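Heads up: the structure comes next, in structure tokens.
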Amino acid sequence: MSGERGHGDSQVKTGSKGSDTHKHKDKHKDKEYRHKDRKKDKERDKLKHNNSEHKDHAEKKNRDKERPKHTDGSYEKHGEKHREKDKDKDRRREDKVKSSQVAKPKKEKENGYVRDISPAAIKNEPEEDNGFCPSPQHNKASRRKSDEEEFVYKPKKIKTEHDKMSKKRKHECEEEEDDNDEEDIKPKKKKDKNVTEGKKSKKDEEKWKWWEEERYTDGSKWRFLGHKGPVFAPPYEPLPDKVKFYYDGKPMKLGAPAEEVATFFAKMLDHEYTTKDVFRKNFFKDWRKEMTSEEKSKITDLNKCNFTEMNEYFKAQSEARKQMSKEEKQKIKEENERILQEYGFCIMDNHKERIGNFRIEPPGLFRGRGDHPKMGMLKRRIRPEDIIINCSKDSKHPKPPPGTKWKEVRHDNKVTWLASWTENIQGSIKYIMLNPSSRIKGEKDWQKYETARRLKKCVDRIRTQYREDWKSKEMRIRQRAVALYFIDKLALRAGNEKEEGETADTVGCCSLRVEHINLYPKLDDQEFVVEFDFLGKDSIRYYNKIPVEKRVFKNLQLFLENKQPGDDLFDRLNTSILNKHLQELMDGLTAKVFRTYNASITLQQQLKELSCSDDSLPAKILSYNRANRAVAILCNHQRAPPKTFEKSMQNLQTKIDEKQKQLSAARKQLKGAKAEHKASHDDKSKKAVEVKRKAVQRIEEQLMKLQVQATDREENKQIALGTSKLNYLDPRISVAWCKKFGIPIEKIYNKTQREKFAWAIDMAEKDFEF
DNA sequence: AAAGCCACTTAGCATCTCTATT
DNA sequence: AATAGAGATGCTAAGTGGCTTT
């Protein structure tokens, strides 16, 4: 099946297709046509299907796009706007938090199931009682019963596990000290325990089997959350005086703020980013904002700026870092370890958990992916005043650095983040969250695969239905059905709408435009071929030619009628309409579930097909990688060929060439030996023939190995296996496969991955079926 | 219904670190 | 011991999708 799904031609990674800018310009023109088109569309719909009462979605879409977009993307403005909004938001937030703290007997959805939360259950957890280390009994009341229908692997003996756990927890909980089982809240004493026994408690924590415990049913994510807050970027260190910046050929000393921003640019001088017009324009604009009025009046042309000395200085610095002695390096390592130990963990409920990103992003120049309109803008430095801290009331609140304040300290246990701030480029919120190995991430991950497995049970029905819908009288239903077909068959992303001009021009299924597909009634020896060519997430190109069913093809032709290249292919559809529909087909179903489902089921099928119990271990692992690769191709997970790819490929090729020479030499010798043997017919020459024959064979094998390695590497040149492994493949499939074929799990998952998938490694048996 | 906000997952690239090779 | 190359980890951008506000 991988063959069927594999994308036709080789995929070329393009940050920006040559014609892109063109297309963009054309779009405006295109839009003007759209109004007319829409009228036609409507008429067409009415003619063909007299009952169409549909709202004209396209009309709204167009209006959006015609909205005047602000030409000034200045981040000051942005900042201002956001600050204003923030106040408002904050007020609302407060209300929300307050109200959420009041127990509401309400139906909550979790794991795709709607459950009744009894007020009594919530009453058990009064606000004040967010015990630091709640007793298991206490905890149990708020944790939900494990779901039989949903989880095949039901925790055994919940009760005993739980009770055992309660004892264990007491030891794990760093600030908890009493051995007494009965009481929940304990005064803290062993403050230093963690420092001295850090390793031990970490080790213990790795063994915590959260998957054998019950989960919260009330939508809350934790009862207790305590942490030390984020680590800020180190302050700017001005350059030594000898490192000069030149303007118009003359040295010029910059003030610290302008100098700092200049260093950001100087550090990137080797990158092709700095040659791009948009990047330079954005950078220069933001840089000028950091200048004193004097600097501003002097520095008016980026082309007259010479950063090379700064650039060389940084290169020398990084060189010096590499040349540091062992001891120095060790010292830095230790310091990093100390920071990790201090800030890298939090206590969530009764467990010490690893934080994912506890360092605040340092200031720098924004590097968008692909053709990003905001590339080069200044990403400003984040101060404590920008940070919202989230923790539980009864925890020791993190202290802001001396002389500073947090923006806010909040106690919202309906979310998982520990700290957040608003970033100034897009005005979006960034979060500090837990590591993938944490309970909170793991539960969600597990749940994701369970949803995908539920889809497996009803996917046939859904497929039958959308095929039926291809014949619908209503345009919107046909579009929905065709889009769903693409999402299912090609594992396309949903394709939310994006604000034009704010981000790179990329699309997913629902946002495909006419210009992104080509229809071929006949192509080579295939009928009804659709050619896709568009930039998806991260501006990764999706290029694929696939034959589709006639009805799909005819529908696509219909959708294309009277449209311009820049028009939406599915003008009556968006992700929210699609997901609403999917929700009706299956509880918890959204477009992205299809990607998870198809990825996982493909792995399972491929593993079944490819692996052979007689194979050697490396051969089995090769099969696994091949199966993994099939998924990566399906999901279009690409990577830039590694920088050293050509070189290492060349090295390999020289090795192959050498081997080939060796081989022909060996063959010649064999021939000679044979001839000699023919002439003399003696034993000695016969032996010589055998020896030579063996040599040839050995070299042939070596050559073969090298060639396989080369093919393998070549095949993987532009394919990234990691993303699917980490995000789309139910780890239980891999675990089961390992068990079945006696393969150590370490061959498939490295340490980090084993931590993330600990739940799967613990629970999946060799007969696990996705 | 659209727009906006928010929280969270998914993504590829850069850099660091370990390991095999010379 | 030095070095290259591979693999692991870190970083942060860019998606999805739910919910709220307009």
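Letters A, B, ... are given to chains in the order of the sequence lines, protein chains preceding strands, and every chain is numbered from 1. The basis for the numbers below is simple: all heavy atoms, side chains too, and nothing from hydrogens, waters or symmetry mates. All values derive from a computational prediction rather than experimental measurement.
With C:dG10, B:dA11, C:dA13 as the candidates, the nucleotide lying closest to the side chain of A:K430 is C:dA13. Among the nucleotides B:dA7, C:dT12, C:dG17, the one closest to the side chain of A:T590 is C:dG17. Across C:dA14, C:dC11, B:dC8, the shortest atom-to-atom separation from the side chain of A:D538 is found for C:dA14. Here the side chain of A:K221 is nearest to one of B:dG12, B:dC8, B:dC13, namely B:dC8. With distances taken from any side-chain atom of A:R493 to the nucleotides C:dG17, C:dA14, B:dA11, the minimum falls on B:dA11. Closest approach to the A:K441 side chain among B:dC13, B:dC8, B:dA11 is made by B:dC8 (side chain taken as heavy atoms from C-beta onward).
The residue A:G536 sits close only to the backbone: its heavy atoms come under 4.0 Å of sugar-phosphate atoms, none of a base. Contacts of A:S576 with the nucleic acid, taken as non-hydrogen atoms under 4.0 Å apart, are absent. Residue A:Y728 is classed as a sugar-phosphate contact, given heavy-atom separations below 4.0 Å to backbone atoms only. At the heavy-atom level, A:N750 lies under 4.0 Å from the strands shown only through sugar-phosphate atoms. Residue A:K379 is in sugar-phosphate contact alone, with no base atom involved, counting any heavy-atom pair closer than 4.0 Å across all strands shown. Within 4.0 Å of A:T416, counting heavy atoms only, lie sugar-phosphate atoms of the nucleic acid but no base atom. At the heavy-atom level, A:P362 lies under 4.0 Å from the strands shown only through sugar-phosphate atoms.
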Open item on the list: Please determine whether side-chain hydrogen bond (donor to acceptor under 3.5 Å, both in side chains) holds for the pair A:K498 and A:T506, giving the CA-CA distance in whole Å, both sets of side-chain angles, and the decisive distance to 0.1 Å.
Closed with: CA-CA 9 Å; A:K498 326 203 296 174; A:T506 63; 2.7 Å; yes
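For A:H372, no side-chain nitrogen or oxygen approaches OP1 or OP2 of C:dA13 to under 4.0 Å. Note on A:S428: every side-chain N or O is 4.0 Å or more away from OP1 and OP2 of C:dA13. Checking the phosphate oxygens (OP1, OP2) of C:dG5, no side-chain nitrogen or oxygen of A:R713 falls inside 4.0 Å. At B:dT10, one or more side-chain N or O atoms of A:K448 fall inside 4.0 Å of OP1 or OP2 (strictly under the cut-off). Not one side-chain nitrogen or oxygen of A:R595 sits closer than 4.0 Å to the OP1 or OP2 atom of C:dG17. Applying the 4.0 Å criterion to OP1 and OP2 of C:dG15, one finds that A:T506 has a side-chain N or O inside that range.
When ring centroids are compared, A:F265 and A:F283 come within the 6.0 Å threshold. With ring centers used as reference points, A:H637 lies under 6.0 Å from A:Y728.
With rounding to whole Å, A:K537 atom NZ is found 5 Å from C:dA14 atom C1'. One can place CG of A:N496 at 7 Å from C1' of C:dG17, the figure rounded to the nearest angstrom. Counting to the nearest Å, the P atom of C:dT20 and the CG atom of A:D412 are 13 Å from each other. Rounded to an integer number of Å, the gap from A:Y749 OH to C:dA8 C1' is 16 Å. Atom P of nucleotide C:dA13 and atom CG of A:L365 are separated by 12 Å, given to the nearest angstrom. The interatomic distance linking A:I429 (CD1) with B:dA7 (P) rounds to 5 Å, in whole Å. For the pair A:E443 CD and B:dC8 C1', the interatomic distance rounds to 15 Å; values are reported in whole Å. In this structure, the CD atom of A:Q583 is 14 Å from the C1' atom of C:dC19, given to the nearest Å.
Residues A:T723 and A:N336 both approach DNA chain B. Their nearest nucleotides, taken by heavy-atom distance, put A:T723 toward the 5′ side. Comparing A:G495 and A:F366 along DNA chain C, the residue whose closest nucleotide (by nearest heavy atom) sits nearer the 5' end is A:F366. Map A:S420 and A:N727 each onto its nearest nucleotide of DNA chain B; the residue landing nearer the 5' end is A:S420. Positionally, the nearest nucleotide of DNA chain C for A:I360 lies more toward the 5' end than for the other of A:I360 and A:A494.
Under the 3.5 Å distance criterion, the side-chain polar atoms of A:K221 are matched with a main-chain donor or acceptor of A:K414. Side-chain atoms of A:Q638 come within 3.5 Å of backbone N or O of A:R541 as a donor-acceptor pair. Looking at A:D488, its side chain never comes within 3.5 Å of a backbone N or O of A:F594 through a donor-acceptor pair. Distance alone, capped at 3.5 Å, is enough to place a donor-acceptor pair between the A:D286 side chain and the A:L378 backbone.
Side-chain to base pairing of A:K592 with B:dT10: no donor and acceptor N or O lie closer than 3.5 Å to each other.
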